[in-house]
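Data first, discussion second: the structure below is written as structure tokens.
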Amino acid sequence: VLSKPNTAKINLDLPPIERWIELSRSYSNQLKATINNVIELADKIDSRIVPFVQEKLPKLAETLPQDYVDEMKSISSGSGLDFGDIVLFNVFYEAFSA
Amino acid sequence: CTSIVAKDGKGGVIHARNMDFGLFLGFDFKNMTWSLTEALRPSLINIDFVRDGQTQFTSASFIGYVGIFTAVRQKKFSLTINERFDVDGGWVGIIEWLLGKHSAHWLGFLTRDVFEKCDNFKCAQDYLMQAEMTLVSPVYFVLASGEDPIGQIIVRDREDVSEVVTIGQEEDKSKSGSWFVLQTNYDPSNEPPFFDDRRHPGLKCMSELSSNAASGDNFISKEGLFDVLSTKPNLNMLTVYTSLIDIKAGIIETFVRECPFP
């Protein structure tokens with residue numbers, strides 16, 4: 001065992017667009033490191049994947065459930081990371097299984 | 001991944017899991033580690049989802065991820081997700097989604113929906129069994145009840161349930177489906193491949209670490225389950241964390257894990 005993670009609260013009474021701002025701001029460095037790693041790996045598999053995803057996913061994300069789209073926007077807003085990268089991270093189970 | 005639901009000897013079940021995460025081509029030969037696994041460890045966090053000042057459900061998650069891989073709704077149910085390696089991916093689901101069919105669910109949002117919408121085990125079970133999914137890689141849902149000693153593996157394809165294994169359906173106490181269910185990343189009805197067999201070591205540990213009540217019922221403690229999940233190869237270089245879920249208390253105890261290069 002290396003450590004035990006912290007516990008955070010997400011307030012579901014807030015509008016989805018505000019829920020994750022504070023948390024993702026506090027952990028923006030960890031989030032950037034993780035997403036950069038995901039993007040690097042995707043690049044290794046095929047250098048066309050990341051540009052395709054970054055271009056298409058923000059538009060396609062609008063077809064996902066609106067509350068979750070807003071939550072991902074709040075993560076993007078809090079961390080300063082691109083919305084497309086956040087969407088990629090949230091569909092990476094499917095995306096990388098492919 | 002390895003997920004286990006087992007009888008606790010007190011009339012309920014304990015739910016535990018190892019989350020293994022890595023990507024093909026992601027091995028870092030310089031440091032002899034899996035780079036995604038290493039990157040995910042610092043971003044692990046437990047999240048209490050709160051409404052009206054009350055925790056609705058708790059998840060073990062990664063910063064930036066709004067979906068659910070491991071979560072509990074106090075006294076009601078808990079859920080863990082294992083990737084399913086056995087089956088060819090449902091590519092058609094992604095293609096249909098890109099072509100405009102947006103009614104199917106993405107995994108993370110589906111599992112989050114279960115916790116947003118369901119207040120009991122039956123609702124969660126029905127939701128997980130019936131929802132249409134955009135799955136590229138089908139999945140195992142491992143579901144446990146906080147009200148009855150029920151643990152269940154739901155083997156999901158994109159549109160259907162292909163198999164269900166439930167505590168109590170198997171008489172041989174050394175097998176999954178007896179007093180516990182144990183799921184790695186291969187279909188329960190098939191043998192796992194020799195190069196990634198975490199099932200048989202897990203089953204052996206469950207037998208050796210279980211206790212036997214006067215009634216003849218087997219059960220295991222939280223510490224025993226932790227030991228099972230700390231035994232190689234169930235603990236391996238891809239293991240990011242181990243979670244022990246107390247469904248009645250609504251608590252997920254999460255441990256960031258590391259397994260050195262052999």
Side-chain angles (χ1 to χ4, degrees), chain A residues 1-14 16 19-20 23-24 26-38 40-46 56 60 62-65 67-72 74-76 78-79 81 85-87 89-98, chain B residues 23-26 35-36 38-53 55-56 58 60-67 69 81 83 89-91 93-94 97-98 100 102 105-109 112-113 116 133-139 230 241-242 252-258:
Chain A
V1 173
L2 291 176
S3 59
K4 292 178 90 170
N6 294 331
T7 298
K9 283 189 184 352
I10 291 295
N11 184 356
L12 297 173
D13 293 319
L14 289 173
R19 285 177 189 165
W20 295 83
L23 182 64
S24 49
S26 307
Y27 286 87
S28 62
N29 288 339
Q30 285 94 326
L31 183 55
K32 279 173 192 162
T34 306
I35 289 184
N36 284 341
N37 195 283
V38 168
E40 267 177 38
L41 288 172
D43 245 355
K44 272 191 197 172
I45 295 165
D46 189 327
K56 302 288 183 193
L60 291 173
E62 301 296 339
T63 65
L64 298 173
D67 280 3
Y68 301 140
V69 171
D70 285 348
E71 288 195 6
M72 289 187 285
S74 79
I75 293 168
S76 170
S79 65
L81 282 160
D85 292 345
I86 303 296
V87 176
F89 187 56
N90 276 274
V91 298
F92 76 113
Y93 177 85
E94 279 93 346
F96 284 94
S97 297
Chain B
L23 278 181
F24 176 61
L25 294 180
S35 54
L36 181 61
E38 299 299 315
L40 284 171
R41 285 194 183 108
S43 68
L44 185 61
I45 192 161
N46 279 342
I47 297 178
D48 290 335
F49 290 85
V50 176
R51 181 171 283 130
D52 297 329
T55 299
Q56 302 297 302
T58 298
S61 192
F62 301 110
I63 299 289
Y65 189 70
V66 305
F69 285 123
I81 316 297
E83 190 174 357
W91 281 90
I94 289 281
W97 188 76
L98 289 168
H102 300 139
H105 298 75
W106 292 76
L107 179 72
F109 307 129
R112 173 79 182 275
D113 271 351
E116 295 280 351
M133 305 181 74
T134 319
L135 285 173
V136 169
S137 178
V139 72
S230 300
Y241 67 84
T242 298
I252 301 182
E253 203 174 356
T254 302
F255 305 89
V256 184
R257 306 305 301 271
E258 184 184 55

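Per chain, numbering begins at 1; letters A, B, ... match sequence-line order.
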*asked:* Applying side chain to side chain contact (heavy atoms under 4.5 Å, CB included) to A:Asn37 and B:Glu38, what does each step give before you reach the verdict?
replied: CA-CA 10 Å; A:Asn37 195 283; B:Glu38 299 299 315; over 6 Å; no
*Side chain A:Asn90, main chain B:Val66, donor-acceptor under 3.5 Å*: yes
_Quick check: closest heavy atoms across A:Leu2 and B:Arg257, and the distance to 0.1 Å?_
CD1-O, 4.1 Å
_Side chain / backbone / both / neither for A:Ile10 at chain B, heavy atoms under 4.5 Å_ = both
*Shortest non-hydrogen contact from A:Gln30 to B:Pro42?*
CG-O, 3.7 Å
*Check each atom of B:Arg41 against the heavy atoms of chain A and say whether the ones under 4.5 Å are side chain, backbone, both or neither.*
side chain
*Between CD1 of B:Ile47 and NZ of A:Lys9, what distance do you get to the nearest 0.5 Å?*
11.5 Å
_Over 60° means perpendicular and under 30° means parallel, so tell me whether B:Phe109 and A:Tyr68 are parallel, tilted or perpendicular._
parallel
*When rounded to the nearest 0.5 angstrom, what distance separates CG in A:Asn11 from CG in B:Asp48?*
11.5 Å
*For chain A, find which of B:Gly64, B:Ser61, B:Ala60 contributes the most heavy-atom pairs closer than 4.5 angstrom.*
B:Gly64
*asked:* Under a 4.5 Å cutoff for heavy-atom pairs, which residue among B:Gln56, B:Arg112, B:Glu116 has the most contacts with chain A?
replied: B:Arg112
*Can you tell me how far the CD1 atom of B:Ile63 sits from the CG atom of A:Asn29, to the nearest 0.5 Å?*
11.5 Å
*Taking all heavy atoms of B:Ile45 and all of A:Pro5, pick out the closest pair and write down the distance.*
CA-CB, 3.9 Å
*If you count heavy-atom pairs under 4.5 Å between each of B:Thr254, B:Val256, B:Ile252 and chain A, which one has the most?*
B:Val256
*Of the backbone (N, CA, C, O) and the side chain (C-beta and beyond), which part of A:Leu23 lies under 4.5 Å from a heavy atom of chain B, both, or neither?*
side chain
*Out of curiosity, B:Leu40 CG to A:Thr34 OG1, how far, rounded to the nearest 0.5 Å?*
5.5 Å
_I'd like to verify something: which residue of B:Asp113, B:Thr55, B:Thr58 has the highest number of heavy-atom pairs under 4.5 Å with chain A?_
B:Asp113
*Taking all non-hydrogen atoms of both residues into account, name the closest pair between A:Trp20 and B:Phe49 and its distance.*
CZ2-CE2, 3.9 Å
*asked:* Shorter than 4.5 Å, heavy atoms on both sides: which option in A:Asp13, A:Ile86, A:Ile75 has the most such pairs with chain B?
replied: A:Asp13
